[in-house]
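Heavy-atom basis, side chains included; hydrogens, waters and symmetry copies ignored.
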Protein chains: 2
Amino acid sequence: MTPRRAQSNATPNNRYNVRVLDRAINILLVLSDGTPRTLQEISEAIGLSPSTTFRLLATLGCYRLVQKDALNRYSLGLTCLELARAYYESNDLRKVALPELEALRDEVKETVHLAVLEGMEVVYLEKLPGLHAIGLMGSRVGGRAPSHCTGLGKVLLAYCKPEEVKAFFLKNPPRAYTERTITDLSVLERELEEIRRVGYALDRGEHEGEVRCVAAPIFDMRGEVVAALSISGPAGRMEPLETNWTLIEKACKTARTISEKLGFRSKSS
Amino acid sequence: MTPRRAQSNATPNNRYNVRVLDRAINILLVLSDGTPRTLQEISEAIGLSPSTTFRLLATLGCYRLVQKDALNRYSLGLTCLELARAYYESNDLRKVALPELEALRDEVKETVHLAVLEGMEVVYLEKLPGLHAIGLMGSRVGGRAPSHCTGLGKVLLAYCKPEEVKAFFLKNPPRAYTERTITDLSVLERELEEIRRVGYALDRGEHEGEVRCVAAPIFDMRGEVVAALSISGPAGRMEPLETNWTLIEKACKTARTISEKLGFRSKSS
DNA sequence: AATTCTATTTTCATACAATGAAATATAACA
DNA sequence: TGTTATATTTCATTGTATGAAAATAGAATT
């Protein structure tokens, strides 16, 4: 159910890290799978003595970053929500993109997503549900999805350093979600090359069998890809995807508009 | 614009707190007002040497709890969003309440909120926009609102320990947002008593002049008030509020249903 | 381009804060 | 009531977080 995090949760010891903080953050990450845990389970999970774990939890708890339920099990607390709101509201990209995404959604009437790459996985920043029916798509704001089998993921990968992509997938072999999922690294690499060439990505049910999707990259002022947007919907309404030029064009156009608002100067203009 | 936090951000030193963690969390709280800050500003704000602040930020940054922009200013990072998603999805209250709230919204067609009290302020857990028009209400999920002048706030206060309420408002005198806002503590106390008696609260434009609102308390299995829900809309459609019994009854009924799903046994049943 | 100035990174010695082991308290269960 | 299992608390010790200060990078000014 809950997507596994691809990156190891072993402490990424960037030279200057403060040890207690590493440990405390690991507690939060452990709890971020949603399962409430007892002190013991947590102390085991992060490999610390119960006393230490207790104190860390006490500190986190006093700021409501974690909370204890009636049966002494810990889970994430209300303050997480408050921090997210702050992040969310002060996020330039999202602020700039939102009105454009809304216009796009209203035009195509399908679900529109905004996402970034994080640890070679897709993280959704925004989701505008389509106007046809409700709740088909499993994505959530703040949630993750694999990158090798989603339109958003593939666009974002396409503009990563190829050697980093390769390194990642050698360590985390692409898992097959449907019979169309690309599981061969060299096939994936060729696909990414093609995406760079045409400037958009397609997903023909590679993650969820019945879902089709078009995704386009968003550039910032430095010309770096910082995010991507996508239009997704059921196969019935989207096919034939490869020649659905209006959809592809609309996705690319909106992405370009957002990019320009972020300070990107396209070569043609 | 950004609501000030009522509680002091001086370290609440619960006997077992770990100092570095206190400090690091304070950084997050400082940044949670949305203003990007430089290392210097932060180190000043939390009263630590630049070296220490640097290391704390480095650690937080390596987990993307904070991020640095092109001009070396720090703000909250993507991981905040991910933690919030986890909190959000594993939150029992919200999960139980959501379908009931949706039913209520569809029935009354006005905006429905779910909220809890935190530091004597209202924090929104859920917002279901009304079906009439868009974006009238300024509330956000994860956002705060004052308690003395909102329906949600007043219900929640009504079931707090009266001496705590008193102590809080003596320290933080109720601010007037409109000419109807209750700014006198004894008037507020009488209002809360009345709310306890009738079991719901009304807001007649005490926070936002044109908004009217009905709010009802949600109880858990122990009989404690853990949250509240509200129906709010423009004065035009809601007035006369005091005798709008169908609206009041619907709010109370939904609140009771949710309470029962949380294990609350009402005396009458 | 050269220079100054400011802000961030890095080093380092030191104090004291975080640590785990073990003792105690508390809750859950029989 | 006794018996476990779990959560708190205490305490001595070590090692880590700390600020001062030096080095570096980055703007800004000339």
Report the residue (Val20(A) or Gln40(A)) whose heavy-atom-nearest nucleotide on DNA chain D is the more 5′ of the two.
Gln40(A)

Under 3.5 Å, is there an N or O donor on one side and an acceptor on the other linking the side chain of Ser51(A) and the base of dA21(C)?
yes

Could you tell me the separation between the NZ atom of Lys68(B) and the P atom of dT8(C), rounded to a whole number of Å?
9 Å

Counting only heavy atoms from other residues, nucleotides and ligands, does the tally under 6.0 Å from CZ of Arg140(B) exceed 12?
no

On DNA chain D, compare the nucleotides closest to Gly47(B) and Thr38(A); which residue's is nearer the 5' end?
Thr38(A)

Figure out the CZ/P separation between Arg23(A) and dA17(D), and round it to whole Å.
8 Å

Please report the distance, rounded to the nearest Å, between CG in Leu60(A) and P in dA18(C).
13 Å

Atom pair distance, as rounded to whole Å: CD in Glu41(A) and C1' in dT6(D)
12 Å

Nearest to side-chain heavy atoms of Arg55(B), which nucleotide of dT8(D), dA18(C), dT11(C):
dT11(C)

Separation of Tyr16(A) atom OH from dT8(C) atom P, in whole Å?
15 Å

I need the CG-C1' distance between Asn72(B) and dT24(D), as an integer number of Å.
13 Å

Atom pair distance, as rounded to whole Å: CG in Asn17(B) and C1' in dT19(C)
16 Å

Can you tell whether the side chains of Arg197(B) and Glu193(B) come within less than 4.0 Å, N to carboxylate O?
no

Could you check Leu48(A) against Leu71(A) and say which one's nearest nucleotide on DNA chain C is further toward the 5' end?
Leu48(A)

Among dG20(C), dT9(C), dT16(D), which nucleotide sits nearest the side chain of Arg19(A)?
dT16(D)

May I ask you to check if Arg144(A) and Tyr124(A) form a cation-pi contact, with NZ or CZ under 6.0 angstrom from the six-membered ring centre and within 45° of the axis?
no

Establish, from distance only, whether the side-chain atoms of Tyr87(B) and Glu82(B) form a donor-acceptor pair under 3.5 Å.
no

How many Å lie between CZ on Arg73(A) and P on dA5(D), as a whole number?
20 Å

Is the number of heavy atoms from other residues, nucleotides or ligands under 6.0 Å of Lys95(A) NZ greater than 12?
yes

What nucleotide among dA7(D), dT8(C), dG20(C) has an atom nearest to a side-chain atom of Leu39(A)?
dA7(D)

